[in-house]
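Every number for a ligand or one of its atoms is a count from 1 in the order of the listing. Scope of the values below: all heavy atoms of this structure, side chains included, with no hydrogens, waters or symmetry mates.
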Amino acid sequence: MLPNIKKPVGNPLLELNYEPAIEALGSQYFDEVEPAEFPKHLLRFRNDAVLAKLGLEPSGVNDEHFIEALGKFQGRRPLLALCYHGYQFGEYNPRLGDGRGFLYGQVRGIDGELYDFGTKGSGTTPYSRTADGRLTLKGGVREVLASEALHALGVRTSRCLSLIETGEPLFRGDEPSPTRSSVMVRFSRSHIRFGTFERLDYLGRGDLVKILLDHVIEQYYPHLQTEKEGYALFYTELVGRTAELCAQWMSLGFCHAVLNTDNMSITGESFDYGPYAFMDRYNPLFTAAYFDHYGRYSYGNQPAICQWNLKMLQTPLEAVLSMADMEVGLATFEERYSAAYTQRMLSKLGFNQAITPELQELLFLTLKLLKDTEIGYHQFFTELTEHFSPDWQKGPEYIFQDSYLYQAAYSESWRARYHHLLSQFQESEMAIIIQCLRQHNPKTVLSRPAIEEVWAHITYDDNWEPFNTLVKQLQNPYIH
Ligand code: AMP
Ligand code: MG
């Protein structure tokens with residue numbers, strides 16, 4: 001049967017000005033594939049905010065347009081399953097690649113930047129191995145929630161443009177089965193991964209590493225294009241972007257869970273949300289994926305793993321860069337990470353100014369308190385935000401006096417330190433601290449029980465209201 005490439009007329013999603021940026025690089029980076037045909041198409045989520053970024057008026061794009069373009073994949077060819085390898089749990093795997101997705105197209109946003117539409121759950125490809133090429137509906141729901149939450153919290157992340165339920169029964173070991181199916185379209189800066197470069201090196205194609213890297217710099221690091229040391233500056237900037245991203249995850253209590261090198265973006269953007277979790281209690285050993293038996297991707301290991309992944313990327317980049325230059329770049333991670341993490345954590349405590357040893361001591365004491373008590377990580381900062389009072393300047397005993405944390409999170413040294421820092425401010429400056437607390441401590445955090453509750457309504461009653469409500473709350477997380 002011939003592929004359905006008849007272009008439906010008047011569909012704004014199909015009339016976007018697609019740019020064949022990856023396609024133009026040559027055929028060594030992808031395989032052309034055909035999408036699966038699904039028995040049903042039910043639009044479960046559409047991201048109107050993303051439409052606006054593409055210059056589309058949401059009211060001009062109806063649900064049928066979404067289904068034609070992003071569920072039936074009518075009217076756009078070629079669809080490109082991207083090739084990549086990667087280190088999975090520390091082991092090199094040359095049998096990866098888009099096994100259940102493809103690059104649907106690339107479009108420039110109204111900001112002038114190039115963006116990818118990448119699918120997940122759109123059918124098998126040459127990289128599916130024995131798997132079905134599908135995405136469970138619950139997996140799709142979880143990715144929508146994670147990316148909307150992280151985006152609203154200020155993280156540079158991929159987002160979901162659409163989630164369409166597709167009416168097939170799927171069998172999975174980690175969900176009660178049969179479970180429902182879906183196809184998602186992800187909107188991100190790029191689907192080029194560390195593992196995309198690792199594959200080229202594995203194939204002995206240093207020439208292609210250079211071509212791909214030039215493309216990456218042109219599109220995602222354009223300010224480096226005319227630099228003499230452009231490649232070295234690129235690597236150092238990627239180290240910096242990754243360190244900043246990791247500091248964001250850590251301050252938000254987010255555990256990505258599967259930081260394999262095929263899930264690390266060359267743009268330093270966060271993407272691919274599988275068994276992630278926002279941790280409940282502060283615990284560096286918290287591990288979100290049930291299959292992560294040794295805690296390799298535990299919450300507290302994320303900075304070390306990001307560095308390890310950046311180190312592995314040095315091997316392919318040796319085609320264009322010296323190891324010595326890359327080591328200099330990688331050495332900047334530590335400082336970038338720790339400055340960004342400390343600054344973010346101090347903001348969560350109400351302090352926006354330059355880091356001092358006293359403030360660092362407060363952070364140390366805060367983490368100790370969170371570890372030593374049973375207080376939830378987000379709960380602590382929410383209570384701090386909601387109960388903070390200028391009265392706290394009067395003495396350590398005023399701190400948390402009208403909160404249950406007065407007993408539950410008792411720490412003499414923390415209270416003394418917090419009070420001491422407050423006493424250095426004018427009374428009139430207390431409003432600035434309150435504002436800082438409100439700006440950095442979300443009221444809504446995506447907890448695992450919240451996801452399960454939303455899913456229970458979908459699975460038992462096909463009721464999508466709680467999901468829609470949660471999405472809206474996650475999109476406005478700072479309203480206290
Ligand atoms: P992920 O865990 O989603 O990052 O996927 C890791 C690798 O497994 C990628 O190459 C995916 O394309 C592939 N993969 C995951 N799930 C499936 C599936 N259901 N069918 C085909 N390939 C899959
Ligand atoms: Mg992946």
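- Of all the listed residues (Lys120, Gln88, His85, Arg100), Arg100 holds the heavy atom that lies closest to atom 15 (C) of ligand 1.
- Residue-level proximity to ligand 1 for Asp132 is carried by backbone and side chain together, each with a heavy atom below 4.0 angstrom.
- For the Mg ion (ligand 2), the N/O/S atoms of Asp262 include none lying under 2.8 Å.
- Only the side chain of Tyr84 comes within 4.0 Å of ligand 1, counting heavy atoms alone; its backbone N, CA, C and O stay farther away.
- Inclusion of Tyr127 in the set of residues having an N or O under 3.5 Å from an N or O of ligand 1 is not warranted.
- Closest to atom 21 (C) of ligand 1, if we only count protein heavy atoms, is Gly99 O, 3.0 Å.
- At least one donor-acceptor pair closer than 3.5 Å links the side chain of Arg76 to the backbone N or O of Tyr104.
- The distance criterion of under 3.5 Å between nitrogen or oxygen atoms is met by Gly97 with respect to ligand 1.
- Note that atom 3 (O) of ligand 1 has protein non-hydrogen atoms nearby, at separations under 4.0 angstrom.
- Contacts of Asn260 with ligand 1, taken as heavy-atom pairs under 4.0 Å, are absent altogether.
- Under the 3.5 Å distance criterion, with hydrogens and angles disregarded, no donor-acceptor pair is assigned to the side chains of Gln248 and Tyr341.
- Considering backbone and side-chain atoms together, Gly133 places an N or O closer than 3.5 Å to an N or O of ligand 1.
- Classified by interplanar angle (parallel below 30°, tilted 30° to 60°, perpendicular above 60°), the ring pair Tyr92/Tyr202 is parallel.
- Of all N/O/S atoms in Asp272, OD2 sits nearest the Mg ion (ligand 2).
- Nearest non-hydrogen protein atom to atom 18 (C) of ligand 1 is Ala131 CB, 3.6 Å.
- A donor-acceptor contact closer than 3.5 angstrom links the side chains of Thr261 and Glu198.
- Scanning all protein heavy atoms for the shortest distance to atom 7 (C) of ligand 1 gives Leu96 CD2, 3.7 Å.
- Classified by interplanar angle (parallel below 30°, tilted 30° to 60°, perpendicular above 60°), the ring pair His256/Trp249 is tilted.
- Note that Lys348 lies in the cation-pi zone of Phe381, set by a 6.0 Å cut-off to the ring centre and a 45° limit from the axis.
- Note on ring orientation: taking the six-membered ring where Trp is involved, the planes of Tyr276 and Phe278 are perpendicular (angle over 60°, cut-offs 30° and 60°).
- Contact between Val258 and ligand 1 is absent, with no heavy atom of the residue lying under 4.0 Å from the ligand.
- Each of the atoms 19 (N) of ligand 1 lies under 4.0 Å from some heavy atom of Arg172.
- Under the 30°/60° scheme for interplanar angles, the aromatic rings of Phe187 and Tyr115 are found to lie parallel.
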task: Decide side-chain hydrogen bond (donor to acceptor under 3.5 Å, both in side chains) for Tyr273 and Ser270; before the verdict, give the C-alpha distance in whole Å, the side-chain angles of both, and the deciding distance to 0.1 Å.
output: CA-CA 9 Å; Tyr273 304 111; Ser270 179; 2.6 Å; yes
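- Around CD of Glu327, the count of heavy atoms belonging to other residues, nucleotides or ligands within 6.0 Å exceeds 12.
- When distances to the Mg ion (ligand 2) are checked against a cut-off of 2.8 Å, Asn263 contributes an N, O or S atom below that limit.
- Under 4.0 angstrom from ligand 1, the non-hydrogen atoms of Arg134 all belong to its backbone.
- Within ligand 1, the atoms closer than 4.0 Å to a non-hydrogen atom of Asn263 are 4 (O), numbered from 1 in the order shown.
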* List the steps and the verdict of side-chain hydrogen bond (donor to acceptor under 3.5 Å, both in side chains) for Tyr297 and Asn263. => CA-CA 12 Å; Tyr297 300 137; Asn263 287 341; over 6 Å; no
